[in-house]
Colleague: 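Below is a structure I'd like to ask you about.
Values reported hereafter were calculated over all heavy atoms of this structure, with side chains retained and with hydrogens, waters and symmetry mates removed. Residue indices begin at 1 and follow the sequence shown. Remember, predicted model here, so these are calculated numbers, not experimental data.
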Amino acid sequence: MKAGDEIRSGSDAPIKPGNAMPLRHIPVGSTVHNIELKVGKGGQMARSAGASAQFAAREGVYASCA
């Protein structure tokens, strides 16, 4: 990211660094951070500086990150 970049959130946000969206809209294999375990509770996984998780699988309403 750099100064002037647009940051978006929601289902219609493009797949690019800084944007936030539900895991159901993110392609499997993507690197993600600040993952919520329960909707609305706030990020609980991969929150520290430089931390990330790889979105490994999706099955029904469940997602798996490694």
Colleague: Can you give me every donor-acceptor pair (side chain of residues 30-45, partner residue at least two apart or in another chain, under 3.5 Å) with its distance?
Modeller:
unit_1 : atom_1 : unit_2 : atom_2 : d
S30    : OG     : P27    : O      : 2.9
E36    : OE1    : G40    : N      : 3.4
E36    : OE2    : G42    : N      : 3.1

Colleague: Ignoring hydrogens and angles, write down the donor-acceptor pairs under 3.5 Å from the side chains of residues 50-58, residues two or more places apart or on other chains.
Modeller:
unit_1 : atom_1 : unit_2 : atom_2 : d
Q54    : NE2    : G29    : O      : 3.3
R58    : NH2    : L23    : O      : 3.1
R58    : NH2    : I26    : O      : 2.4

Colleague: Could you tell me which residues satisfy side-chain hydrogen bond (donor to acceptor under 3.5 Å, both in side chains) with R47, sequence neighbours excluded, listed by chain and number?
Modeller: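 R47 satisfies side-chain hydrogen bond (donor to acceptor under 3.5 Å, both in side chains) with no other residue.
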Colleague: H25: which residues meet the side-chain hydrogen bond (donor to acceptor under 3.5 Å, both in side chains) condition with it, sequence neighbours left out?
Modeller: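 S11.
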Colleague: What pairs of donor and acceptor atoms, side-chain ones from residues 59-66 against any protein atom, are under 3.5 angstrom apart with sequence neighbours left out?
Modeller:
none

Colleague: May I have all residue pairs that pass salt bridge (Lys or Arg N to Asp or Glu O under 4.0 Å) and include part of residues 11-33, sequence neighbours excluded?
Modeller: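 Those involving residues 11-33 are R8-D12.
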